[in-house]
Structures are given as C-alpha cells and as structure tokens.
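This report refers to the structure that appears directly beneath it.
Here is how names work: the chains are called A, B, and so on, in the same order as the sequence lines, proteins then strands, and each is numbered from 1.
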There are 2 protein chains.
Amino acid sequence: MTEQLNRIKERLKSKGYKLTPQRETTIRVLLQHEKDHLSAEEVFLLVKEQFPEIGMATVYRVLDLLTELHVVQKVNFGDGAARFDLRQANSPHLHHHLICTECGNVEEIMDDWLLPLEKRIEREYGFTVTDHRLDFQGICTECRVKERDKNKANNKCKAVS
Amino acid sequence: MTEQLNRIKERLKSKGYKLTPQRETTIRVLLQHEKDHLSAEEVFLLVKEQFPEIGMATVYRVLDLLTELHVVQKVNFGDGAARFDLRQANSPHLHHHLICTECGNVEEIMDDWLLPLEKRIEREYGFTVTDHRLDFQGICTECRVKERDKNKANNKCKAVS
DNA sequence: ATCCGTGCAAAGTGTTTGCAGCGTT
DNA sequence: AACGCTGCAAACACTTTGCACGGAT
C-alpha cells in the first residue's frame with residue numbers, strides 16, 4: 001500500500017507534476033477505498049475529513065490527472081455520476097463488474113478472461129487495445145431471493161382476496 | 001425493418017402504452033440509424049425534422065420507455081452524454097465496441113464471445129445475467145498511421161534545428 | 001518573477017420534473 | 001370524467017471554467 005503510493009508519487013514526478021497535500025490526500029483516500037467505486041463527490045467528502053479546506057474543483061482536477069496517469073479509470077455505471085476505479089498495480093487487466101439492477105450493488109470479479117480476445121482484435125481489426133471494460137447487469141443472489149419471497153407474498157394475498 | 005417496427009409496436013401495446021406519432025417517429029429514426037450511436041440530442045434533432053413540434057422532454061421520455069422495453073440500450077462512452085443502441089432483434093447478444101481514444105470513432109463488432117462467460121458467472125457467482133457490455137478502448141488503424149506520420153515529421157524538424 | 005496549483009463562485013451541460021392543456025376512451 | 005401523453009420552462013445534478021491568490025522554484 002505504501003509501495004503503491006510511492007509508485008504513484010513517482011509517476012506524478014516523472015511527468016512534472018507536483019505532489020501537493022491535496023493530491024496526496026486524494027490518492028490516500030483512493031487507496032484506502034480500493035474496493036469501492038467512489039464518485040467524485042464521495043472522494044471529496046472523504047478527503048475533506050482529512051483536509052477540510054479542499055474544494056470540489058480540486059478533487060475533479062486531481063481525479064482527471066490520475067486518470068491521465070492511468071492510476072485510476074473513470075467508469076460509469078449509469079447512475080448519473082462518474083466513478084473512479086483504482087487500477088491494478090502492474091497488471092494490464094482491469095476487473096470486471098457484476099451490477100445488480102435491483103439493489104445497485106456492484107461486485108467485482110478479477111478473472112482474466114479477455115486477453116485472448118484482445119489479441120484477436122489486434123489481429124483481425126488492426127485495433128490496438130489499451131483498455132477494456134466488461135460489465136454484466138443482472139440480478140444478484142440476494143435480490144433474487146427477495147424477489148421470490150415477494151412474489152410468494154403477493155400470490156398469498158391474491159388467493160385471500 | 002417494417003418487421004422490426006411492428007415487433008416494437010406490439011411490445012408497446014402489450015405493456016399498455018400507446019403508439020403516439022412522437023413515439024412512432026422516434027422509433028423510426030432509431031431504426032434508420034441502427035448503426036450509429038445516437039445521443040438524446042441527436043435523436044431529438046432527427047425527429048424534429050419529421051415532427052417539428054416535439055420537445056426534448058418527450059424524446060427523453062420515449063427513450064426511457066424504449067430502454068425499459070429493452071428495445072434500446074443506454075450506453076455511455078464517456079463523452080458526457082448517454083447514447084442509445086438499438087438491440088438486436090431476437091438475439092440476446094449485444095454487440096461490442098472498439099472505441100478509439102484519439103478520434104472518438106466507435107466501431108462495432110458482432111462476435112458472440114461472452115455466452116460461455118455468462119454461464120460461468122451464473123454458476124460461480126449465483127448472479128443472473130440479463131445484459132452485458134464489452135467495450136475496448138485503444139487506437140484505431142487510421143489514428144495509428146497518423147500518429148506515426150506526425151512523429152516522423154517531428155523528428156525531421158528536430159534534426160533540422 | 002514566473003509558474004503551478006488552489007479555492008471559490010459562476011457558468012455549462014445533459015437530464016428530469018411540475019404543470020397546464022389536449023385527445024382518447 | 002378520467003387518464004395517458006405532450007410541450008414548455010424551470011429545476012436539477014454533475015462537471016468545468018475563469019480568476020485572483022498563494023507558495024514553491
């Protein structure tokens with residue numbers, strides 16, 4: 001984790017960007033919430049706890065910067081706000097998402113399924129892949145159970161009335 | 001194409017929605033631009049040509065409706081605006097996208113690569129997949145050529161100065 | 001002295017909502 | 001008369017921008 005932080009600091013410096021307290025705090029927050037998919041506003045609130053003077057605009061600027069440096073990836077799950085996903089250390093593979101359309105929960109899966117496909121795309125389409133994104137929408141286990149129970153209840157009511 | 005239109009009309013009716021001129025025109029526009037990935041505003045402008053009184057809000061409402069009916073899918077390529085993709089007739093498979101980060105061009109590929117993965121997700125994660133989305137970002141052939149030429153030019157200049 | 005980075009407020013953009021009016025049923 | 005659908009304008013949510021200030025080089 002400190003190692004990751006150093007790696008990122010290095011990358012900032014090597015591109016001529018300064019490591020300001022705002023930037024460092026933002027990076028720390030992102031590392032601490034590696035598993036979440038924070039929106040800009042969520043990042044802002046978390047950073048504000050440690051650095052109350054910061055403004056939204058700065059957070060947006062830092063997030064843009066980190067996107068440019070490939071430290072995070074901007075993703076969009078369809079709820080109005082962009083979210084930011086920390087990228088894996090030395091790996092070219094992003095994780096994929098299982099997005100539940102009932103409860104909005106997002107689960108990550110880390111399997112590495114797409115490399116063969118990327119090779120094929122390079123070959124067949126002449127397209128150099130730098131990134132990919134694979135999301136599945138559907139119903140998670142919990143919601144399927146809930147849904148089933150609800151239906152049962154409804155049927156009971158219908159039977160009574 | 002008329003066949004598709006009828007299919008969609010049927011689906012509207014079966015869910016108790018009316019087929020108004022606004023809705024029909026919007027659907028026609030979407031069918032005519034099957035290959036594009038129109039934003040709400042682009043749809044609006046195209047519909048307006050045939051139906052000048054229509055308002056943006058109506059277009060948004062129709063697009064929401066069609067999303068709900070699984071006629072289109074809302075996608076987001078990261079350029080701020082949602083785009084709407086006509087879904088394939090009787091096929092559960094969506095197409096995938098090759099998005100060029102240089103010129104913004106979006107190419108579609110229709111291969112059907114993900115069905116085995118979906119099965120595996122159902123089995124291993126207990127997650128019922130209803131939809132998926134697979135996009136690749138990278139550099140398309142044309143941009144790679146341009147990039148190479150530009151670099152050549154730059155190097156020439158450096159050599160001169 | 002210059003330049004980069006910041007905070008604030010204002011502006012911008014894409015999207016949603018409230019509401020009165022209209023046409024069907 | 002009730003209801004679904006519409007157009008308009010206002011509201012909204014997220015993001016970007018202009019600008020003056022401050023700190024580091």
Side-chain angles (χ1 to χ4, degrees), chain A residues 8-9 11-29 37-69 71-85 104, chain B residues 8-9 11-29 37-69 71-85 104:
Chain A
I8 298 168
K9 286 183 184 174
R11 217 180 296 184
L12 269 177
K13 251 187 278 177
S14 78
K15 294 258 186 178
Y17 296 112
K18 290 179 191 160
L19 184 71
T20 63
Q22 288 92 332
R23 286 176 183 171
E24 178 158 1
T25 312
T26 306
I27 295 167
R28 288 206 128 88
V29 161
H37 303 85
L38 301 176
S39 65
E41 176 140 27
E42 286 164 345
V43 175
F44 171 62
L45 292 173
L46 288 165
V47 174
K48 219 176 161 105
E49 290 175 11
Q50 302 177 232
F51 199 104
E53 322 88 287
I54 202 169
M56 270 261 51
T58 303
V59 171
Y60 273 104
R61 285 186 280 231
V62 176
L63 289 171
D64 272 359
L65 183 57
L66 294 176
T67 304
E68 183 200 318
L69 296 176
V71 171
V72 297
Q73 180 175 61
K74 209 172 175 177
V75 293
N76 200 307
F77 294 139
D79 63 337
R83 296 181 172 274
F84 296 84
D85 235 12
Chain B
I8 297 167
K9 285 183 185 175
R11 216 179 296 182
L12 270 178
K13 250 187 277 180
S14 76
K15 295 257 184 178
Y17 297 110
K18 292 180 187 156
L19 184 71
T20 63
Q22 288 91 334
R23 286 175 182 171
E24 178 157 0
T25 311
T26 306
I27 296 167
R28 288 204 129 89
V29 162
H37 302 86
L38 300 176
S39 66
E41 174 140 29
E42 287 164 346
V43 175
F44 171 61
L45 292 173
L46 288 165
V47 174
K48 221 177 158 106
E49 290 174 10
Q50 301 177 233
F51 199 105
E53 321 87 289
I54 202 167
M56 268 264 51
T58 302
V59 171
Y60 273 102
R61 286 186 279 232
V62 175
L63 289 171
D64 272 358
L65 183 58
L66 294 176
T67 304
E68 183 201 320
L69 295 176
V71 171
V72 296
Q73 179 175 61
K74 209 172 174 174
V75 292
N76 199 307
F77 295 139
D79 64 337
R83 297 182 172 273
F84 296 84
D85 233 12

Query raised in the report: By side-chain contact (heavy atoms from CB on, under 4.5 Å), which residues pair with F77(A), not counting sequence neighbours?
Result: H37(A), V75(A), D79(A), R83(A), H97(A), I99(A), V106(A), R133(A), D135(A)

Query raised in the report: How long is the line joining CG of L63(B) and P of dG14(C), in whole Å?
Result: 15 Å

Requested in this report: Round to a whole Å and report the spacing from NZ of K13(A) to C1' of dA24(D).
Outcome: 15 Å

Report summary line: The contact string for nucleotides 2-16 of chain D, one letter per nucleotide 5' to 3', using protein heavy atoms under 4.0 Å with B, S and - for base, sugar-phosphate only and none, comes out as --SSBBB-----SBB

**Report entry** salt bridge (charged side-chain N to carboxylate O under 4.0 Å, His left out) involving R61(A) - partner list, sequence neighbours excluded
**Finding:** none

Query raised in the report: Can you list the residues that meet the side-chain hydrogen bond (donor to acceptor under 3.5 Å, both in side chains) rule with E41(A), with sequence neighbours excluded?
Result: none

**Report entry** Atom pair distance, as rounded to whole Å: CZ in F77(B) and C1' in dG14(C)
**Finding:** 17 Å

Requested in this report: Under the side-chain contact (heavy atoms from CB on, under 4.5 Å) rule, collect the residues that match up with Y60(B), sequence neighbours excluded.
Outcome: A40(B), M56(B)

Report task. Using the test side-chain hydrogen bond (donor to acceptor under 3.5 Å, both in side chains), find all partners of Q50(A) that sit at least two apart in sequence or belong to another chain. Result -> none

